[in-house]
Amino acid sequence: MTANVAVETTPEAPLWNDPTQDVGTRVSALIDAMTLEEKIAQLYGVWVGASDEGGEVAPHQHDMEEAVDLDALLPAGLGQLTRPFGTAPVDPALGALSLARTQARIAAANRFGIPALAHEECLAGFATWGATAYPVPLSWGATFDPALIREMAAAIGRDMRSVGVHQGLAPVLDVVRDLRWGRVEEAIGEDPYLVGSIGTAYVQGLQSGGVVATLKHFAGYSASRAGRNLAPVGMGPRERADVLLPPFEMAVREGGAGSVMHAYTDTDGIPSAADEELLTGLLRDTWGFDGTVVADYFGIAFLRILHGVAGDWAEAAGTALRAGVDVELPTVKTFGAPLAEAVAAGRVPEALVDRALRRVLTQKARLGLLDAGWSPVPATLDGADPDDPDALRGTVDLDSPANRELARTVAEEAVVLLANDGTLPLVRPRRIALVGPNGGEPTAVLGCYSFPQHVGVHHPQTPPGIDLPTLHDALRREFPDAEIDVVRGTGVDDGDLSGLAEAVDTARRADVVVAALGDRAGLFGRGTSGEGCDAESLALPGAQQQLLDALLDSGRPVVAVLLSGRPYALGRAADEAAAVVQSFFPGMEGTPALAGVLSGRTNPSGRLPVSVPRGSGGQPATYLGARLAQASDVSNIDPTAAFAFGHGLSYTSFHWDELTVDRPEADTAGEFSLALTVRNMGERHGTEVVQLYLHDPVASVVQPVQRLVGYTRVPLAPGEARRLRVTVPADLASFTGRDGRRVVEPGEVHLRLAASSADVRLTATVTLTGPERHVDHTRRFHARFDQEPSGRAG
């Protein structure tokens, strides 16, 4: 790209532009040179949309904001640009050109040449037109494969940075507490260790691509009462400490996350955006986090509008700033004139502005945005001619073959085979009845934060920009010799029963019925899953259960295939279906992945990151229940799941044996050592997922019956055996004690090696000795699994 969009620099660059100097020294010098207005300007963003003609971005208008006058704002500077690629469909190359031109304008308009930091959504891939749509986070959890998710996130990060984006608003580290919550699809699972280990891998991958990861939503958002979005949270400090906070601890300490987003919710009357103990005391002073805390969209204004803890915009700004929020997003509301006036009047100390500013400028310095010679031109436009936008169109590929192959791998590993009577894999079926609302729907594989479902629905005249084969398309390719009859039967949620007779007639003529059921992702009630699409019941939406029951009565084998954002109670099908296959919005390569599992081309290895309920009554229960949460003789309600957390079948069989415990006793500061052998007893390659659960039979406070403390994937050839050695630190037995501190108590502990939370294969009883020991966030988070060959299975 030619230099007319570059920012000119002089040979005598000031200290803050010198990359050879210490970042802290540079930032201090810059802060000292800035006026109050210039300081505050770095603490907010403006919501914009890139131009599809390559011109500068235009401010985006939202019903929660007033119009923004960029000409008036820019002389003081600008902290962030909100979603330049994710607001409307735009060709990636022209979007990059538009962003580059705007960054040049921003830098040229302020005295210090400081560009904005551009952020985007990336919950299931870079949320922009034409970018690869990967599986949703619930599918990441189903892989039980942090290394793969790290690789996926690195690809997403590279694509984002290549067009000029600096920050991604992911991952979601909320631990699922109620399956009725609409954002279950955005979460990784119902277990804090699974969420933390997979989420940390995502952070590491995204940031390896040069993009700042943003942990959200800090903290408690998923624990809202009745699973309602943005509702009050009923939660004690121990649940918060032991279930909801550990994933954030892990991602801060091991992932080095650069940003955190506060939650909308309040806990015990304190909104997260106003919680100084959380955002400063815990996050920064205890955990040592040194990045930026950004507001969830409009979250600071909500302190006045929704929470009623601020009387005006200035008080909302001061409250959030004092708590530890550094950046107002998505646009300027409270951190603009109201904050400036409050500082001038002495209502808010300028030192709080400087504290937030230091964090913002430190991040910009680390991204290279303060360096002399910085250019707004991203790597993907190097050498391009900015005066010929038409020549640029179509030159940037955000959906490369490598991306799609990676998306396919994640989708394949995330497919969970819940039940199978031997019908799967399908062997040369002559006639398949594909029945259900998701059999011919291209977007059935996409979550609510995918670009087509999040933004594209508002632009129906624009094609999705990516290939979205339907399940019908995928089955035709997978079974080219089969006749496939496609019948919708009913809609996802319309309750229409008029098509049931046709569906049953079609089923009776087939060798096998594939029932394609599940969700439609959307926002704020426009879907059955997604943000603001909460469920009153965990029954399948609409008339899908009636359709499924009618198919079961057809006399033909029924394979239920779920394309959904949450698990649903399946009624009779949990026991009577020939097979049940669960896929959580598996992305653009999801239907080929599903077809491969149905045919046996792929041996399924996914495991449930959330339990599948047996009843539809919306029991807000996870497998982490204490003893009183289990089925009992004193209640007529049985909360036992139909399919437990961690469950998943294979087309081969595995045998576990030869458990040895090398260290049955360990000090409360020590570790245990055990080993087992896993054997593939079948005739095809498969991957077993060995899960380690901890059961503490006697503790000073009530504990879950068991909780996941480690896992590993074990790939095995037919007849192969592998010896696993497991080292278990005593730290993994810690919990929050009566005094609010995390403690490891002496006593007996059971280490359960299991294929799921309900399928324990081997148990080692070990003993913690010595004194009670207090631990903190520097504790060891992981058990270590070492694998070594152990010959052939007998």
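Taking 4.5 Å as the limit, some side-chain heavy atom of Leu244 sits within range of a side-chain heavy atom of Ser222. You'll find the side chain of Val27 stays beyond 4.5 Å of the side chain of Gln363, heavy atoms only. The closest side-chain heavy-atom distance from Phe248 to Leu283 is not below 4.5 Å. By the 4.5 Å heavy-atom criterion applied to side chains, Pro137 and Val172 are not counted as neighbours. Residues Tyr44 and Leu73 have side chains in contact (heavy-atom distance under 4.5 Å, counting atoms from C-beta outward). With a 4.5 Å cut-off on side-chain heavy atoms, Pro247 and Pro192 count as touching. Side-chain contact between Thr292 and Val212: absent, with no pair of heavy atoms (C-beta onward) separated by less than 4.5 Å. With a 4.5 Å cut-off on side-chain heavy atoms, Leu206 and Met160 count as touching.
No donor-acceptor pair under 3.5 Å is formed between the side chain of Thr334 and the backbone N or O of Trp313. In this structure a side-chain-to-backbone donor-acceptor pair under 3.5 Å is present from Asp534 to Gly182. Side chain of Gln207 to main chain of Ala213: a donor-acceptor pair is present (N/O by atom type, distance under 3.5 Å, no hydrogens or angles). Between the side chain of Lys216 and the main chain of Leu169, a donor-acceptor pair closer than 3.5 Å is present. Side-chain atoms of Ser98 do not come within 3.5 Å of backbone N or O of Gly95 as any donor-acceptor pair. With hydrogens and angles ignored, the 3.5 Å screen pairs no side-chain donor or acceptor of Lys39 with any backbone N or O of Ala356. Although no hydrogens or angles enter the test, the distance criterion places a donor-acceptor pair under 3.5 Å between the side chain of Glu315 and the main chain of Gly311. Remark: side-chain polar atoms of Asp174 are not paired, donor with acceptor, to backbone N or O of Ala187 under 3.5 angstrom. Side-chain N or O atoms of His166 include one that pairs as donor or acceptor with a backbone N or O of Ala118 at under 3.5 Å. Between the side chain of Glu186 and the main chain of Leu123, no donor-acceptor pair closer than 3.5 Å is present.
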Quiz prompt | Criterion side-chain contact (heavy atoms from CB on, under 4.5 Å) on Thr87 and Val48, from CA distance to verdict | solution = CA-CA 7 Å; Thr87 298; Val48 297; over 6 Å; no
Exercise. Apply side-chain hydrogen bond (donor to acceptor under 3.5 Å, both in side chains) to Thr35 and Glu38, showing your working.
Key: CA-CA 5 Å; Thr35 66; Glu38 289 168 333; 3.3 Å; yes
Practice problem: Start with the C-alpha distance between Ile300 and Lys333, add both sets of side-chain angles, then the distance that settles side-chain contact (heavy atoms from CB on, under 4.5 Å), and finish with yes or no. | Solution: CA-CA 9 Å; Ile300 300 175; Lys333 177 78 172 180; over 6 Å; no
Exercise. Please test Val327 against Leu117 for side-chain contact (heavy atoms from CB on, under 4.5 Å), starting from the C-alpha separation and ending with a verdict.
Key: CA-CA 11 Å; Val327 180; Leu117 187 152; over 6 Å; no
Quiz prompt | Full working for side-chain contact (heavy atoms from CB on, under 4.5 Å) between Val701 and Thr736 | solution = CA-CA 8 Å; Val701 299; Thr736 300; over 6 Å; no
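Ala107 and Trp374 make their closest contact through CB-CZ3, 4.0 Å (heavy atoms, listed as atom of the first residue, atom of the second, distance). Heavy atoms only, all atoms of each residue included: Phe85 and Val90 are closest at O-CG1, 4.1 Å. Taking all atoms of both residues into account, the shortest heavy-atom contact from Gly199 to Pro171 is O-CG, 3.9 Å. Summarising the geometry of Ala323 relative to Asp275, their closest heavy-atom pair is CB-N, 3.7 Å, with the distance given to 0.1 Å. For the pair Ala365 and Leu370, the tightest heavy-atom approach, listed with the atom from each and the gap, is CB-CD1, 3.8 Å. Closest of all the heavy-atom pairs between Ala316 and Leu303 is O-CD1, 3.7 Å.
For Asp242 and Arg742, the salt-bridge test passes: some basic side-chain N is under 4.0 Å from an acidic carboxylate O. Taking the charged nitrogens against the carboxylate oxygens, Arg240 and Asp268 have no contact shorter than 4.0 Å, which rules out a salt bridge. A salt bridge is absent between Asp326 and Arg358: the closest approach of a Lys/Arg side-chain nitrogen to an acidic carboxylate oxygen does not fall below 4.0 angstrom.
Taking CE from Met250 and NE2 from His777, the interatomic distance works out to 13.5 Å, rounded to the nearest 0.5 Å. The CH2 atom of Trp129 sits 8.0 Å away from atom CG of Asp52, with the distance rounded to the nearest 0.5 Å. The OG1 atom of Thr82 lies 3.5 Å from the NE2 atom of His119; values are rounded to the nearest 0.5 Å. Separating the CG atom in Leu369 from the CG atom in Asn17 is a distance of 11.5 Å, to the nearest 0.5 Å. To the nearest 0.5 Å, atom OH of residue Tyr449 and atom CD of residue Glu531 are 4.0 Å apart. Interatomic distance, Leu367 CG to Thr362 OG1, rounded to the nearest 0.5 Å: 11.0 Å.
Few gaps surround CG on Asp776; more than 12 heavy atoms of other groups in view lie less than 6.0 Å from it. With a 6.0 Å radius and a threshold of 12 heavy atoms from other residues, nucleotides or ligands, Gln21 has its CD atom above the threshold. The 12-atom threshold is exceeded at CZ of Arg253, counting heavy atoms of other residues, nucleotides or ligands nearer than 6.0 Å.
Using cut-offs of 30° and 60° on the angle between ring planes, the pair Tyr264 and Phe302 is tilted.
With no hydrogens or angles considered, a side-chain donor-acceptor pair links Ser529 and Glu185 at under 3.5 Å. Side-chain atoms of Gln167 and Ser259 include a donor-acceptor pair closer than 3.5 Å.
Proximity of the aromatic rings of Trp47 and Tyr297 is defined here by a centroid distance below 6.0 angstrom, and this criterion is met.
Of the candidates Lys364, Arg26, Arg366, Asp371 forms a salt bridge (Lys or Arg N to Asp or Glu O under 4.0 Å) with just one, namely Arg26.
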